[in-house]
Amino acid sequence: MADLRINLAGIKSPNPFWLASAPPTNSGYQVQRAFEAGWGGAVWKTLGDPILNVTSRFAAISFNGQRVAGFNNIELITDRPLDVNLKEIYETKKKFPNHAIIASLMVEPKQEKWHEIVKRVEDVGVDGLELNFGCPHGMAERGMGSASGQVPALVERQTYWAKEVAKTPVIVKLTPNITDITATAEAACNGGADAISMINTINSLMGVDLDTWNTVPHVAGKGAHGGYCGPAVKPIALNMVAECARHPHINVPISGIGGISNWRDAVEFILMGATGVQVCTAAMHHGFRIVEDMIEGLNNYLDCKGIAAVSDIIGKSVPKYSDWGNLDLNYNIVAKINPEVCINCNKCHIACEDTSHQCIDMLTDANGKSYLKVREEDCVGCNLCSIVCPVDGAIDMIEAPRELAPMTWNERQAVLSVAAECKADIVK
Amino acid sequence: MSDYQQFLDERDKIDFLIQKGCQINSVREHLNGASVDFLHPNGNVTETLLIGTANGRKYFSSLLISQNQPKD
């Protein structure tokens, strides 16, 4: 049995699986049930001045039979009085002293507001704080959430205000609704953040009803943008975690969030630099007990790899993530179609012929049987054929024998500029 | 002519000049690819090749890197 415990900036939990601040962590009843199911921590639904919500609130996109491939919400932060939440946090922490309870906080960008809520929340024994600079809807219109989180100076200042009085670790939760998340992550670090978490939800409009012309969801015939999450956002979140993890000025632990639905997703985030992960949509889709599979899967993975502790794999893939200019231009892969497995559906041929590099031929053998063959010399190794192929194992992407030494774009440009200087000397 | 055939054609021309002892002297990149000037070993004859294919441009760049590496 591998050691699944994590320590994120001093916040300890029995495993890396936390529930994210969202509807699943709205009450003590829910968080206690989650801990009983096995979740290692929970970020309490964001506390602040209690809000008023609308109905309806959620929408989801299903794609080719996969329910909830993406999820959208226009629900705001807690609508319950602070004292009620604090009482339930206190009771939950007393009942589950070894589980992590982190209070998500959102107040107006004023020093006294941050001081007040940090003190009140810490009085009931939370293990840490998460500053919500990410919520993209509703609260942003009031200058909070992502409206704050899109301005590095505001992120830094508010983090600093929270840190002025905080006795527990401060995590800053970042919005993805920004061109470069490392700018706000660095601002959080400059403000004294002990950790960062990402991503919050992405601005989204889920759809438009073709009959009524209403938005999905709509509230009495009107809609507003919501926050998008779920499996569809995972690649966006993973990139943002990785960009922060490899940034030289961002040296705090990361809590990874965004479309994490199973142990495999969690391992990917941890390999890319996250110390632990937060989950919401998958729990809303399948219930708290999905954490059982996550724990078992992670444990089996580590055991199979002979790794003693989950903390041993944090960031192991970060050195493999770089800029495009550092990729080897002379590395070549080509598609190889396995005729024993191929069902001759021709999807690869159509995809290649219409939208890629026209290198898959439809041929007929001596017995009149159709088959598909890649002209390897024309294949650019784009992967499209293997992506659209409906049969596992029918197309392999294989490494072509290396003909030239490794050369990156950056190396190429460096030598070309030297050549240009030499020419200048000759001209003189 | 396929891209690959065009690349082979460009590579043959590059190899021919290299085998004659020419060295890449300068490269001008433009919208049609790159014009590569090869300098003859006697130093007073320059030949220019227009290299249009992506693989051709990778090829002469790799040769240029190799050419600029210190010799043992």
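Below, chains carry the letters A, B, ... as their sequence lines are ordered, and counting in each starts from 1.
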(message) Under a plain distance cut-off of 3.5 Å, with no hydrogens placed, do Glu243(A) and Thr182(A) share a side-chain donor-acceptor pair?
(response) no
(message) Would you say CZ of Phe63(A) has more than 12 non-hydrogen atoms from neighbouring residues, nucleotides or ligands within 6.0 angstrom?
(response) no
(request) Below 4.5 Å from any heavy atom of chain B, which atoms of Leu329(A) appear? Answer side chain, backbone, both or neither. (result) both
(message) Please classify the contact between Phe7(B) and chain A as side chain, backbone, both or neither, with a heavy-atom cut-off of under 4.5 Å.
(response) neither
(message) Would you say that more than 12 heavy atoms from the other residues, nucleotides or ligands in this model lie under 6.0 Å from the CD of Gln413(A), or not?
(response) yes
(request) Please determine, by modelled atom types, if Thr48(B) and Asp37(B) share a side-chain donor-acceptor pair under 3.5 angstrom. (result) yes
(request) Would you check if there is a donor-acceptor pair between the side chains of His40(B) and Thr46(B) at a distance under 3.5 Å? (result) no
(request) Taking atom types as modelled, find out whether Asn177(A) and Thr175(A) have a side-chain donor-acceptor pair closer than 3.5 angstrom. (result) yes
(message) Test your reading of the model: is there a side-chain donor-acceptor pair from Asp361(A) to the backbone of Leu363(A), 3.5 Å cut-off?
(response) no
(request) With a 4.5 Å heavy-atom cut-off (strictly below), which parts of residues 14-21 of chain B touch chain A? List them by number. (result) none
(message) Under 4.5 Å from any heavy atom of chain A, what part of Ser61(B) do you find: side chain, backbone, both or neither?
(response) both
(message) At a 4.5 Å cut-off on heavy atoms, which part of Glu29(B) comes close to chain A: side chain, backbone, both, or neither?
(response) side chain
(message) Can you tell me which of His357(A), Glu411(A), Arg375(A), Arg412(A) forms the most heavy-atom pairs within a distance under 4.5 Å of chain B?
(response) Arg412(A)
(request) Return yes when atom CG of Asp365(A) has more than 12 non-hydrogen atoms of other residues, nucleotides or ligands closer than 6.0 Å, and no otherwise. (result) yes
